[in-house]
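Counting starts at 1 for both ligands and their atoms, following the listed order.
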Amino acid sequence: MAIVFGRSKTSATVTILGGGAWGSALAALAADRGHGVKLWSRRGELSLEAAVRDADIILSAISMKGVPETVERLQTIDLPPSAVLVSATKGLDSATRRTPSQIWQAAFPNHPIVVLSGPNLSAEIQQGLPAATVAASTDIAAARLVQTVFSSDRFRVYTNTDPIGTELGGTLKNVIAIAAGVCDGLQLGTNARSGLITRALPEIMRIGTQLGGQKETFFGLSGLGDLLATCTSPLSRNYRVGYGLAQGKSLEQILEEVQSTAEGVNTTNVLIDLADRQGIPVPVSYQVYLLLNGKISPRQAVEALMERDLKPEDGG
Ligand SMILES: NC(=O)C1=CN([C@@H]2O[C@H](COP(=O)(O)OP(=O)(O)OC[C@H]3O[C@@H](n4cnc5c(N)ncnc54)[C@H](O)[C@@H]3O)[C@@H](O)[C@H]2O)C=CC1
Ligand SMILES: O=C(CO)COP(=O)(O)O
């Protein structure tokens, strides 16, 4: 299928909202493919109006806390009617417990919404190392457009039709990455980390399917793939949060050192609220919640997980 960007254009006009680590990496990927790229940042000189004018794709790489505010601002601006909106944020809104794509979809019901998520540590992508990701939408033409615009010989984009599952895989693994950082910070070994990651996947799937994701999606790049990337790499800010806590640092000190967004901290609180309301067991995430909120020490969190009632592997 020939993909046309706007009217009689051969390359797309891509607006990236958010000039942080991820927004900058995505802007570079699109620019390298020859697309026209505008990078909007709240402290930059380009106005939001000018940034979105004539855009074929408007991609948000804004951290979760800034999404509702930016969406509200955009609602006062006329967006190009055929613009495809892409959400690359991995978080949950504290006030409404919605995912970023749900916020975008509710505000812009007439625009296709695509979720972009996968094992994509931005520092590696900025170095030009190969990576794969997922563009997910119920509007397959929109997902294909995003696939075409961002794919290159170093960034391979797959499509799927489960945006919520794709988004929740990327969001919920941040909580587990904190746990994996604790595990490594306490030097508990490779067996412990493998056990933790493997037991966490059904936990992510239990909550993720309850919130509308499809089971199979969690075994793909945006689920298992991203879980593995973030739980095994010190490049992950969420992993570094857990690692620092295990070294006895305070959360404030770690966030000061990281100097960038670690979405898992906020996501943990929203996730536990959701799991409590729906009666879904999330044992690993619950220990992360207690730890982040100063209720237990890293060692007590490990003990609590090891001392849980014995059960079959397919039990909660
Ligand atoms: N860095 C990475 O490797 C990846 C990050 N992500 C996700 O992308 C999102 C952004 O992450 P990073 O770029 O790494 O974080 P960052 O901390 O480097 O940048 C955050 C961006 O959000 C913007 N922002 C924050 N509050 C805002 C507000 N109220 N209004 C407008 N803009 C606001 C900041 O100005 C900045 O441009 C997060 O949800 C993260 O989980 C997803 C994949 C990879
Ligand atoms: O989502 C990411 C990689 O896919 C980035 O992980 P961190 O936010 O933990 O750095």
Side-chain angles (χ1 to χ4, degrees), residues 15-29 39-44 46-48 51-52 58-74 86-95 99-101 103-104 115-127 129 131-135 150 155 157 166-181 184 204 220-244 254-268 270 288:
T15 298
I16 308 277
L17 306 177
W22 192 215
S24 305
L26 287 167
L29 283 172
L39 182 58
W40 176 84
S41 163
R42 64 185 153 157
R43 301 212 172 86
L46 183 66
S47 73
L48 196 50
V52 299
I58 300 171
L59 183 151
S60 162
I62 290 171
S63 46
M64 185 66 244
K65 64 180 185 331
V67 170
E69 182 187 323
T70 307
V71 165
E72 256 179 55
R73 285 185 64 189
L74 281 170
V86 184
S87 174
T89 303
K90 295 176 177 175
L92 289 170
D93 180 38
S94 305
T99 69
S101 79
I103 295 175
W104 284 100
V115 167
L116 191 76
S117 191
N120 299 148
L121 294 156
S122 62
E124 293 186 358
I125 288 170
Q126 287 280 28
Q127 285 175 57
L129 296 172
T133 201
V134 176
F150 285 95
F155 195 63
V157 184
T166 299
E167 190 172 37
L168 287 171
T171 291
L172 300 178
K173 61 81 195 171
N174 283 335
V175 179
I176 308 305
I178 297 175
D184 286 0
I204 289 176
L221 286 167
S222 59
L224 179 60
D226 205 1
L227 184 65
L228 289 173
T230 26
C231 288
T232 59
S233 175
L235 289 176
S236 157
R237 283 107 14 128
N238 290 291
Y239 173 97
R240 279 159 58 195
V241 167
Y243 200 95
I254 300 164
L255 294 177
E256 183 65 33
E257 285 172 11
V258 168
Q259 280 283 321
S260 156
T261 307
E263 295 279 18
V265 175
N266 175 60
T267 298
T268 302
V270 184
V288 174

With a cut-off of 4.0 Å, which atoms of ligand 2 are near a heavy atom of [X]?
X	result
Asn120	3 (C), 4 (O)
Lys90	1 (O), 2 (C), 3 (C), 4 (O)
Asn238	7 (P), 8 (O), 9 (O)
Asp226	3 (C), 4 (O)
Gly118	4 (O)
Lys173	1 (O), 2 (C), 6 (O)

### Summary
Residues Ser94 and Asn266: closest non-hydrogen pair is OG-OD1, 2.8 Å

I'd like to know if the side chain of [X] reaches the main chain of [Y], judged simply by a donor and an acceptor atom lying under 3.5 Å from each other, with no hydrogens or angles considered.
X	Y	answer
Ser233	Leu235	yes
Thr15	Ala51	yes
Asp226	Leu221	no

#### Entry: Selection from Arg237, Arg240, Glu124, Glu263 by shortest heavy-atom distance to atom 10 (O) of ligand 2
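Closest candidate by heavy-atom distance is Arg237.
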
### Task
List for me each residue that meets side-chain hydrogen bond (donor to acceptor under 3.5 Å, both in side chains) alongside Asp93, sequence neighbours excluded, and say none if there are none.
Thr96

### Message
Which residue is it: Thr99, Val115, Ile204? I am looking for the one with a side-chain contact (heavy atoms from CB on, under 4.5 Å) to Leu168.
### Response
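When side-chain contact (heavy atoms from CB on, under 4.5 Å) is applied between Leu168 and each of Thr99, Val115, Ile204, only Thr99 qualifies.
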
### Query
Considering the options Thr261, Asn238, Val288, which one meets the side-chain contact (heavy atoms from CB on, under 4.5 Å) requirement together with Asn174?
Asn238

Determine whether [X] and [Y] make a side-chain contact, defined as any pair of heavy atoms from C-beta on separated by less than 4.5 Å.
X	Y	answer
Asp184	Tyr239	yes
Trp40	Thr70	yes
Pro119	Leu228	no

### Query
Around ligand 1, what residues show up once you keep those with a heavy atom under 4.0 Å from it?
Gly18, Gly19, Gly20, Ala21, Trp22, Arg42, Ala61, Ile62, Ser63, Lys65, Gly66, Glu69, Thr70, Ala88, Thr89, Lys90, Asn120, Leu121, Ser122, Arg237, Ser260, Thr261, Glu263

### Query
Taking non-hydrogen atoms only, is Thr230 closer than 4.0 angstrom to ligand 2 via side chain, backbone, both or neither?
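Contact part for Thr230 vs ligand 2: side chain (C-beta onward).
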
